[in-house]
Amino acid sequence: MTSSASDSKARVTIIPGDGIGPEVAAATVHLLDAAGASIDWVEMKAQPITSRRREDVEADPLVQSLLETRVGLKGPITTPVAEGHSSINVALRKALDLYANFRPVKKLPGIQTPFPDVDLIVVRENTESLYAGLEHTVVPGVVESLKIITAVASTRIARFAFDYARRFGRKLVTGVHKANIMKLSDGLFLECLRTVSKDYPGITYREVIVDNCCMQLVMRPQQFDVLLLENLYGDIISDLAAGLVGGLGLVPGANLGEKCALFEAVHGSAPDIAGRNQANPTALMLSAVLMLRHLGQPEPANRIERALHYAYSERRHLTRDVGGTASTDEFTQAIIGSLS
Ligand code: NAI
């Protein structure tokens with residue numbers, strides 16, 4: 001992965017990330033190059049963004065690179081639990097106003113699950129809710145975390161979900177909430193969704209309380225189509241949905257805004273398998289497929305998708321998380337070998 005310049009190629013910021021990130025990122029870059037993607041990679045490291053001042057955030061070298069290339073492919077980044085710096089992922093999404101988190105959850109051929117036909121789109125508001133990072137100790141033993149919901153952000157994410165549904169022939173958008181308890185915050189979120197839904201008469205709009213949504217998803221996921229959620233519920237439901245189609249190694253994602261698009265898998269840095277050549281790079285490879293389509297390069301995207309579908313339907317050279325024995329490198333070589 002080197003940075004170079006060429007007029008005809010798309011410049012893409014690549015952030016390998018932590019844990020299994022460098023392994024799955026290297027595998028994905030290797031595959032894209034082999035598939036004929038026309039990309040100049042600009043490799044960057046992610047550093048904690050500690051200041052909230054706009055000038056400091058915009059001076060961050062990774063933020064600058066993403067504002068310049070407008071497209072990024074990112075491996076997962078570790079966030080320390082209950083201590084240490086705030087999430088770099090959340091900071092990047094806020095800094096670049098990547099308001100829409102888009103996660104298509106679809107079963108690959110050859111993956112055995114209780115549900116043969118799961119095909120969900122998870123649309124998660126990406127900039128506010130409890131991820132606003134506004135928490136403090138009131139007195140020792142008492143902590144306050146603020147959940148921020150605004151009409152502007154809720155309306156914007158609702159428009160994104162309904163526009164997507166209309167464009168891609170999806171028939172049902174389900175707003176997921178806990179407005180029975182959080183009557184003001186989740187209530188405002190729902191009010192915005194209801195208002196926006198009226199502009200899309202061809203699309204059915206429904207609502208479900210988040211706890212019931214979890215139960216319905218593990219019992220009968222086929223009843224859902226596009227799920228529309230605020231930030232925290234979207235984060236949790238995404239992992240649950242990944243479990244429905246075979247696990248976190250398989251589900252891609254994108255963070256989208258007006259200034260930039262940052263593609264990344266749903267999964268994290270998986271410290272339990274990092275550095276062992278065991279990670280499944282499929283989720284980042286499928287994120288790169290989304291990226292290639294965004295860049296207007298459908299041919300290498302289709303080539304990669306065909307090769308992945310072939311590998312899964314033949315169930316050869318699969319990684320351990322999906323019942324195989326192949327290493328990350330063996331799987332990647334097999335995919336490259338079946339590009340057509
Ligand atoms: P995780 O997603 O890293 O791992 C959960 C489980 O799934 C682990 O058993 C792991 O081995 C497995 N797994 C995940 N991706 C896999 C892959 N590609 N192939 C095979 N197995 C895979 O979640 P966890 O452990 O909760 O988080 C670890 C770290 O990742 C934390 O620091 C967290 O903050 C960070 N994280 C970062 C994200 C990002 O950068 N967008 C997203 C989610 C978590």
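Numbering of ligands and ligand atoms starts at 1, following listing order. Numbers for residues simply follow the sequence, beginning at 1.
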Side-chain ion pair, Arg124 and Asp235, N-O less than 4.0 Å: yes
SB check Asp97 Arg156 (cutoff 4.0 Å): yes
Could you check [atom] against the protein and tell me its nearest heavy-atom contact, residue, atom and distance included?
atom	answer
atom 8 (C) of ligand 1	Asp272 OD2, 3.4 Å
atom 1 (P) of ligand 1	Gly268 N, 3.5 Å
atom 16 (C) of ligand 1	Ile20 CD1, 3.9 Å
atom 29 (C) of ligand 1	Ser269 OG, 3.2 Å
atom 19 (N) of ligand 1	Asn280 N, 2.9 Å
atom 35 (C) of ligand 1	Ile77 O, 3.6 Å
atom 3 (O) of ligand 1	Ala270 N, 2.7 Å
atom 21 (N) of ligand 1	Ile273 CD1, 3.6 Å

Please identify each residue that fulfils side-chain contact (heavy atoms from CB on, under 4.5 Å) with Glu58, with sequence neighbours left out.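 side-chain contact (heavy atoms from CB on, under 4.5 Å) list for Glu58, sorted by chain: Arg54.
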Contacts of Thr150 meeting side-chain contact (heavy atoms from CB on, under 4.5 Å) (sequence neighbours excluded), chain-then-number -> Glu128, Ile148, Val152, Ala153
Scan the protein's non-hydrogen atoms and note whether one is under 4.0 Å from atom 32 (O) of ligand 1.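 It does: a protein heavy atom is found less than 4.0 Å away from atom 32 (O) of ligand 1.
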Return a yes/no value: protein heavy atom under 4.0 Å from atom 27 (O) of ligand 1?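 No, there is none.
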Could you list which atoms of ligand 1 come closer than 4.0 Å to a heavy atom of Pro271?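 In order of numbering, the contacting atoms are 28 (C).
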Proximal ligand 1 atoms for Asp321, defined as those under 4.0 Å from one of its heavy atoms: 20 (C)
Exercise: do Gln216 and Asn212 side chains pair donor with acceptor under 3.5 Å: yes
Tyr233 and Ser129: side chain donor to acceptor below 3.5 Å: no
Selected option - heavy-atom contact closest to atom 7 (O) of ligand 1, from Val90, Val24, Leu248: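 Selected option, by shortest heavy-atom distance: Leu248.
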Tell me whether Arg320 reaches ligand 1 (any heavy atom closer than 4.0 angstrom to a ligand atom). no
If the contact criterion is a heavy-atom separation under 4.0 Å, does Val81 count as touching ligand 1? no
Looking at Asp186 and Lys178, would you say the former's side chain and the latter's main chain have a donor-acceptor pair under 3.5 Å? yes
